[in-house]
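Just follow the structure's listing: the first ligand is 1, and inside any ligand the first atom is 1.
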Amino acid sequence: MKRIAILGSTGSIGTQALEVIASNPRRLKATVLTCNSRVDVLRRQIDRFRPEAVAVGRAADAAELGREYPNINIFYGPEGIREAIDDVDCDVVLNAIVGIAGLGPTFEAVNKGGLTVALANKESLVTAGRIVMKAAEESGVPIIPVDSEHSAIFQCLAGNDENSIRRLILTASGGPFRTFSRERLESVGIDDALIHPNWKMGRKITIDSATMMNKAFEIIEAKWLYGTDAGSIEVVIHPQSIVHSLVEFGDGAIMAQLGHPDMKVPISYAFSGPKRWTTDVRSLDLIALRSLYFEEPSHEARRSLDLAYRVLHESEATGRDSGVIVLNSANEELVRLFLEGKIQFVDILDTLEYLIDGHEPTAVSTISEILQTDQEAREATRERLAN
Ligand code: NAD
Ligand code: MG
């Protein structure tokens with residue numbers, strides 16, 4: 001029986017992870033559940049999954065839950081997640097928190113040791129890949145990717161020679177605006193951007209998919225997970241989202257992982273790998289599919305991807321990583337403002353380019369330096385928009 005802590009249990013990944021747990025009652029048990037503010041959803045999860053500890057954002061919610069569930073340990077606030085994980089034995093910490101808010105919990109789980117981190121929170125690796133991977137190596141904590149592309153690569157590498165990677169090829173659906181010109185992008189609204197052609201996800205990553213910044217972050221995530229140079233990571237547009245990513249080895253062989261787009265596959269594999277458990281994901285009908293197609297990223301998509309390559313080349317050449325943090329945190333701020341209706345869709349990428357153009361990279365070596373850079377990037381973003 002694997003004991004699972006789900007951080008961000010009320011979100012898109014968190015709820016799908018609980019479905020996987022519900023389908024494997026003799027193999028998996030949810031022992032810790034955490035969320036920020038959707039306490040109504042958390043309550044239903046507590047009733048169904050009977051965790052031993054939960055953590056929520058606000059003290060008032062914790063007090064109320066404490067009265068309702070006297071047998072469950074309830075934690076809250078910035079320290080709450082760490083306290084919950086310390087309180088309960090867990091074999092796997094699935095981090096499904098959105099944004100840089102997930103960094104502290106990833107780092108704490110890695111440093112705790114004696115467990116596996118299943119990582120959906122890509123922002124942990126985007127902002128702190130170097131530090132997190134080093135800490136994981138030192139504590140012997142495996143980091144298992146839950147992002148579909150990185151899980152695909154992980155699955156392609158199983159039983160293969162990791163030292164012989166020639167290229168990692170990340171696939172991207174291209175999002176809802178794949179064929180849009182700059183002129184058309186100028187008039188897209190929040191609702192247009194929140195419709196993803198193939199995946200149903202949380203709001204932040206859905207906007208990131210529309211701007212292609214999600215794929216930019218995935219290049220960074222792949223670099224740290226697999227220790228490859230940015231120059232060996234490529235992106236191809238694959239609007240069908242059937243091929244989830246590919247690895248080309250030195251001998252010219254390419255391994256790919258295919259299937260209907262469904263996060264239950266990477267979530268289940270993060271718990272079961274290298275074994276495979278049964279899921280309800282339907283079979284792929286190759287004849288009905290007829291063909292798989294791929295295309296080059298559009299000019300607009302390229303702008304987003306290039307931001308990742310620029311900051312990574314800088315990081316590789318100098319060891320100065322602040323650029324990736326600026327990219328992440330300015331983007332978080334911009335997505336928030338876009339979803340609040342305060343800026344236009346095209347402002348997101350325009351502002352990111354402006355900030356990266358003007359950024360003087362510095363070395364960051366601790367989590368607190370990263371959080372400091374995060375705050376500065378957010379301020380710089382707001383300042384730019386005010387002018
Ligand atoms: P979501 O918005 O649906 O859920 C986010 C969860 O994080 C919620 O449970 C929320 O309560 C919690 N949370 C938010 N802010 C928090 C804070 N400040 N402190 C503590 N908890 C907080 O997001 P999602 O779509 O499930 O994505 C989660 C992560 O997984 C993201 O990093 C995303 O990039 C990654 N991811 C998601 C998908 C997907 O299909 N949804 C696919 C690949 C990767
Ligand atoms: Mg992905």
Side-chain angles (χ1 to χ4, degrees), residues 5-20 32-42 44-45 54-58 61-62 75-85 94-106 108 117-127 144-154 168 170-175 194 196 198-209 211-222 225 235 238 241 243-245 257 261-267 270 328 331-332 335-336 339 371 374:
I6 303 188
L7 316 183
S9 66
T10 57
S12 160
I13 294 288
T15 50
Q16 293 179 82
L18 282 171
E19 283 177 42
V20 171
V32 176
L33 300 178
T34 85
C35 79
N36 193 30
S37 58
R38 295 181 64 195
V39 181
D40 51 330
V41 179
L42 183 68
R44 291 198 291 278
Q45 296 180 340
V54 304
V56 294
R58 284 189 301 252
D61 289 331
F75 302 90
Y76 65 90
E79 298 297 309
I81 293 172
R82 183 182 50 71
E83 289 167 348
I85 295 172
L94 168 63
N95 187 346
I97 294 172
V98 61
I100 200 172
L103 172 58
T106 296
E108 282 149 11
V117 171
L119 197 58
N121 179 262
K122 67 188 77 186
E123 295 89 347
S124 300
L125 286 178
V126 171
T127 56
I144 313 294
V146 173
D147 212 344
S148 59
E149 297 76 2
H150 305 75
S151 173
I153 291 169
F154 185 63
L168 299 180
L170 301 174
T171 52
S173 72
L194 280 175
H196 193 280
N198 303 338
W199 297 96
K200 189 166 176 345
M201 311 178 284
R203 285 158 68 90
K204 192 253 176 187
I205 186 176
T206 304
I207 301 302
D208 287 346
S209 300
T211 60
M212 287 293 287
M213 280 310 295
N214 181 52
K215 208 54 55 181
F217 294 138
E218 291 184 352
I219 295 169
I220 304 173
E221 184 185 9
L225 277 171
V235 172
H238 171 51
S241 295
V243 178
H244 299 303
S245 279
Q257 188 252 330
D262 191 321
M263 287 308 293
K264 272 191 232 141
V265 177
I267 293 169
N328 175 79
N331 179 69
E332 280 188 28
V335 170
R336 182 180 67 77
L339 286 171
L371 296 178
D374 166 73

Using 0.5 Å steps for rounding, measure from the [atom1] atom of [X] to the [atom2] atom of [Y].
{"X": "Leu42", "Y": "Cys35", "atom1": "CG", "atom2": "SG", "answer": "4.5 Å"}
{"X": "Asp262", "Y": "Lys200", "atom1": "CG", "atom2": "NZ", "answer": "13.0 Å"}
{"X": "Glu218", "Y": "Met213", "atom1": "CD", "atom2": "CE", "answer": "11.0 Å"}

Do Asn95 and Ser124 have side-chain heavy atoms sitting under 4.5 Å apart?
yes
Can you list, by chain and residue number, every protein residue with a non-hydrogen atom closer than 4.0 Å to ligand 1?
Gly8, Ser9, Thr10, Gly11, Ser12, Ile13, Cys35, Asn36, Ala96, Ile97, Val98, Ala101, Ala120, Asn121, Lys122, Glu123, Asp147, Met201, Gly202, Ile205, Met263
Just jot down the salt bridge (Lys or Arg N to Asp or Glu O under 4.0 Å) partners of Glu83, sequence neighbours excluded, or say none.
none
Can you sort out the partners of Arg58 under salt bridge (Lys or Arg N to Asp or Glu O under 4.0 Å), two or more places apart, ordered by chain and number?
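Arg58 satisfies salt bridge (Lys or Arg N to Asp or Glu O under 4.0 Å) with Asp61 once adjacent residues are dropped.
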Would you find a donor on one side and an acceptor on the other, under 3.5 Å apart, between the side chain of Thr34 and the backbone of Gly8?
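A pair under 3.5 Å: yes.
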Check whether any side-chain N or O of Gln45 sits under 3.5 Å from a backbone N or O of Ser9 as a donor-acceptor pair, and report yes or no.
yes
For the side chain to side chain donor-acceptor pair (under 3.5 Å) test, which of Lys215, Lys122, His244 pairs with Glu149?
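By the side chain to side chain donor-acceptor pair (under 3.5 Å) criterion, Glu149 pairs with just one of Lys215, Lys122, His244: Lys215.
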Heteroatoms of the protein, restricted to N/O/S, which lie under 2.8 Å from the Mg ion (ligand 2):
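Only Asp147 OD1, Glu149 OE1, Glu218 OE2 fall inside 2.8 Å of the Mg ion (ligand 2).
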